[in-house]
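Structure first, commentary second.
Since the model is a prediction, treat every value here as computed from it, not as a measurement. All values below come from the heavy atoms of this structure, side chains included, with hydrogens, waters and symmetry mates left out. Just so you know, ligand 1 is whichever comes first in the structure, and atom 1 is the first atom listed for that ligand.
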Amino acid sequence: MAAAQPCVLLVEDEAAQREVLSYNLEAEGFRVVQAGSGDEGLLLVSEEMPDLIVLDWMLPGVSGIEVCRQIKSRQDTKDIPVIMLSARSEEVDKVRGLETGADDYVVKPYSVKELLARVRAQLRRTRGAAVGARLSFEDIVLDGETYTVTRAGESIKLGPTEFRLLSQFMEKPGRVWPREQMLDRVWGRDSYVDTRTVDVHVGRLRKALTAFGGSDPIRTVRGAGYSLG
Ligand code: CA
């Protein structure tokens with residue numbers, strides 16, 4: 001049931017920068033595939049079908065812009081989030097103007113922490129919350145790195161949708177989530193499911209979480225939605 005570790009393709013020709021970034025991404029629980037040129041990057045996109053691409057603008061041979069354009073024009077890769085790195089903010093403006101389809105832009109020199117936050121934000125959009133994070137609420141522990149959940153030490157079996165739902169709840173305990181917002185965040189904006197689907201999966205999540213006893217941690221807020229705790 002565990003979803004695979006998210007894979008990040010890093011396309012950057014400067015080896016030192018690539019190493020630092022790769023090290024930090026791996027420390028966050030990502031599997032990292034490295035490419036030192038645009039051509040290599042494009043090849044690895046097809047081979048690995050990564051969950052996200054961090055793409056440098058200035059590359060020898062095929063430029064980052066061209067790589068991005070190709071990724072975004074292909075049906076099978078166009079939904080992979082691309083974060084472009086560029087040396088100057090004017091370049092970012094230019095990338096935007098060129099409509100390469102990049103999902104986010106980070107200007108060099110960037111802080112690794114900020115870039116990681118952007119990576120997580122993009123993956124949250126496409127894969128659900130809590131990517132690579134370890135979250136806990138009362139006796140429930142969710143490990144976004146190994147995609148496991150335990151309650152009072154017992155392993156809880158969850159399907160991918162229930163896992164994403166729980167991640168979302170555990171990011172903000174006590175917050176009431178309207179069903180529409182849950183649909184956006186867990187199923188994605190373009191999905192064709194209706195709000196009753198949310199109820200079905202919340203039901204499954206509740207059942208799984210109470211399988212070994214313990215009270216139901218999810219609260220139904222009438223007319224509003226659901227909250228954890
Ligand atoms: Ca470069």
Stepwise side-chain contact (heavy atoms from CB on, under 4.5 Å) check, Val67 with Ile53: CA-CA 10 Å; Val67 172; Ile53 301 162; 5.9 Å; no

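Proximity of Asp104 to Pro81: side-chain heavy atoms (C-beta onward) are nowhere separated by under 4.5 Å. At least one side-chain heavy atom of Val119 sits under 4.5 Å from a side-chain heavy atom of Phe30.
Pairs engaging residues 193-221 under the ring-ring contact (aromatic ring centres under 6.0 Å, His included) rule: Trp187-His201 [sequence neighbours left out].
In the model, Arg74 has a side-chain atom that pairs as donor or acceptor with a side-chain atom of Ser46 under 3.5 Å.
Using bins of under 30°, 30° to 60° and over 60° for the plane-to-plane angle, the ring pair Tyr147/Phe163 lands in the tilted bin.
Around the Ca ion (ligand 1), protein N, O or S atoms at less than 3.0 Å comprise Asp13 OD1, Glu14 OE2, Asp56 OD2, Met58 O.
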